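Predicted, not measured: the structure shown is a model, and the values here were computed from it.
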Amino acid sequence: MSLDHRLPDELEELRRTVEAFAHDVVAPEIGAYYEQHAFPYDIVRQMGQMGLFGLPFPEEYGGMGGDYLALGIALEELARVDSSVAITLEAGVSLGAMPIHRFGTEEQKREWLPKLCSGEVLGAFGLTEPDGGSDAGATRTTAVRDDNGDWVINGSKCFITNSGTDITGLVTVTAVTGRKDDGSPLISAIIVPAGTPGFTVAAPYSKVGWNASDTRELSFSDVRVPAANLLGEEGRGYAQFLRTLDEGRVAIAALATGLAQGCVDESVRYAKERRAFGRPIGANQAIQFKLADMELRAHTSRLAWRHAASRLVHGETFKKEAALAKLYSSEIAVDNAREATQIHGGYGFMNEYPVARMWRDAKILEIGEGTSEVQRMLIARELGF
């Protein structure tokens, strides 16, 4: 018996379709959006029409009936060209829609998933706070019941993707809703529709990278939403977001792999075209070895995220595999971006070249959805420490 790592026909067709879209639609347009720090509404609309936002969701809710492997394939192909577009899809699916699919009531699924799957509406996940990044247990945002049973939310969130676009429909917010006997917080997740009074969205951040994606700070001042907006069980929000982050790490690993492979693509092309001392720079063994190492890293990263995704879709434990994939892929994305910039020389420092964008986009992959240090902690814990 032998292992076959080839994609099934339907996933290979998806890969080719997204690859063509990335090169024919995203690549020619995204540079202008990026430099203007503008959200690419038209590109996102086309992604919705293609069904990309509905890839891992059941058809009964407007999805495509796929899984996380299908989502990862799409993310990798998009990120080979641009990470802003890829992270918009990743956050919209993994953080915006997936918690509702995993933990929502039937009414919540019927209300939100069809719009989220079509890309008509984007969802966001409000977890991180100014004083509680990796330490999510330090959540300060609170939600209490008023006399009518409604939730009243007060607090703030930061670094929230897809939270302030014209098509953002909701943010799922984690908040302290009580205390355990030992005084530790009970954290719950609550759906807050966009436009709810008291819910304020700040101006977009000025970021180093991901400049064509939407990232904002959010504040909540006596924000009232119905009791029915509780997502999942009261007091189980912490456990829910841990599952959400485990799944999201697989998706981020796929995205990082795409960026790493995109660095290879651009560098191979440049090394064949750029001439120095009478011959292409790719004729030099020093460049060839750099490219070989870059390809090795991207290939290994792809095996890692697909292995984690396979365990996820087959219902097997995948926490360690997700952490391994996210840790490795994010760090080699930074390595490949650095080497790609070096191969391009001075041109790699010019924003007109995609590798400059990739270099700016890579670093956040070692931070978001759990820092590299957190991934190492998780891996060590899974090893019994």
Side-chain angles (χ1 to χ4, degrees), residues 18-48 50 52 74-92 119 122 124 158-168 201-217 252 255-271 273-274 330 333-368:
V18 180
E19 178 186 36
F21 174 77
H23 285 278
D24 297 343
V25 177
V26 178
E29 300 180 11
I30 197 60
Y33 284 109
Y34 197 91
E35 290 309 309
Q36 296 167 18
H37 293 236
F39 189 77
Y41 286 102
D42 186 57
I43 291 174
V44 171
R45 178 185 57 77
Q46 293 181 66
M47 289 162 58
M50 293 170 64
L52 299 188
L75 289 172
E76 182 179 335
E77 291 303 323
L78 288 172
R80 286 178 73 167
V81 170
D82 180 72
S83 291
S84 291
V85 170
I87 195 58
T88 298
L89 175 62
E90 191 278 333
L122 291 177
C158 60
F159 311 138
I160 309 304
T161 304
N162 290 347
S163 59
T165 74
D166 293 344
I167 57 174
T168 298
V201 180
Y205 288 105
S206 175
K207 296 175 293 188
V208 171
W210 284 1
N211 286 337
S213 74
D214 179 79
T215 316
R216 315 257 184 154
E217 183 176 359
I252 289 293
L255 188 157
T257 302
L259 187 151
Q261 189 65 59
C263 289
V264 178
D265 299 341
E266 294 296 329
S267 297
V268 168
R269 184 180 303 113
Y270 184 80
E273 295 174 354
R274 177 75 164 95
S330 61
V334 173
D335 291 341
N336 274 19
R338 182 182 62 251
E339 294 287 39
T341 303
Q342 191 72 16
I343 289 170
H344 280 70
Y347 291 107
F349 204 61
M350 300 296 111
N351 286 327
E352 65 186 277
Y353 282 79
V355 295
R357 193 166 68 240
M358 292 172 178
W359 174 233
R360 293 160 70 179
D361 290 340
K363 180 57 188 174
I364 188 60
L365 297 171
E366 296 182 311
I367 299 171

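Between the OG1 atom of Thr215 and the NE2 atom of His37 there is a distance of 11.5 Å, given to the nearest 0.5 Å. Atom CD of residue Gln342 and atom OG of residue Ser267 lie 11.0 Å apart, to the nearest 0.5 angstrom. The CD1 atom of Ile167 sits 8.0 Å away from the CG atom of Asn162 when rounded to the nearest 0.5 Å. Atom OG of Ser83 sits about 11.0 Å away from atom CD of Glu90, to the nearest 0.5 Å. For the atom pair Asp24 CG and Glu29 CD, the distance stands at 11.0 Å (nearest 0.5 Å). From Glu77, atom CD reaches atom OG1 of Thr257 across 11.0 Å, with rounding to the nearest 0.5 Å.
With Asp214 contributing its side chain and Ser163 its backbone, the two residues share a donor-acceptor pair below 3.5 Å. Formation of a donor-acceptor pair under 3.5 Å by the Arg80 side chain with backbone atoms of Gly258 is not found in this model. Put simply, the side chain of Asp361 gets close to the backbone of Trp210: a donor and an acceptor are under 3.5 Å apart. A distance-only check finds no donor-acceptor pair linking the side chain of Ser213 to the backbone of Thr88 [under 3.5 Å].
For the pair Phe39 and Leu122, the minimum side-chain heavy-atom distance is below 4.5 Å. Contact annotation: the side chain of Met47 approaches that of Phe21 to within less than 4.5 Å [non-hydrogen atoms, C-beta and beyond]. A heavy-atom distance below 4.5 Å is not found between the side chains of Thr341 and Tyr353. Here the side chains of Tyr41 and Thr165 are in contact, with some heavy-atom distance below 4.5 Å. Side-chain atoms of Tyr33 and Asp82, non-hydrogen and from C-beta on, never get closer than 4.5 Å to each other. Side-chain atoms of Val208 and Lys363, non-hydrogen and from C-beta on, never get closer than 4.5 Å to each other. For the pair Arg357 and Ile30, the minimum side-chain heavy-atom distance is below 4.5 Å. Using a 4.5 Å heavy-atom cutoff, the side chains of Ile252 and Leu365 are in contact.
Pairing each heavy atom of Trp359 with each of Val334, the nearest pair is CZ3-O, 3.9 Å. Taking all atoms of both residues into account, the shortest heavy-atom contact from Ile87 to Leu255 is N-CD1, 3.7 Å. Of all non-hydrogen atoms in Leu89 and Ala74, the two that sit nearest each other are CD2-CB, 4.4 Å. When all heavy atoms are compared, the tightest approach of Arg216 to Tyr205 is C-CE1, 3.3 Å. For the residue pair Ala212 and Pro40, the shortest heavy atom distance occurs at O-CD, 3.0 Å. Nearest heavy-atom pair across Ala260 and Asn336 is O-ND2, 3.1 Å.
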Quiz item: When you look at Arg274 and Ile343, which way does the side-chain contact (heavy atoms from CB on, under 4.5 Å) test go after all the steps?
Solution: CA-CA 10 Å; Arg274 177 75 164 95; Ile343 289 170; over 6 Å; no
Quiz item: Could you go step by step and tell me if Ile364 and Lys207 meet the side-chain contact (heavy atoms from CB on, under 4.5 Å) rule?
Solution: CA-CA 10 Å; Ile364 188 60; Lys207 296 175 293 188; over 6 Å; no
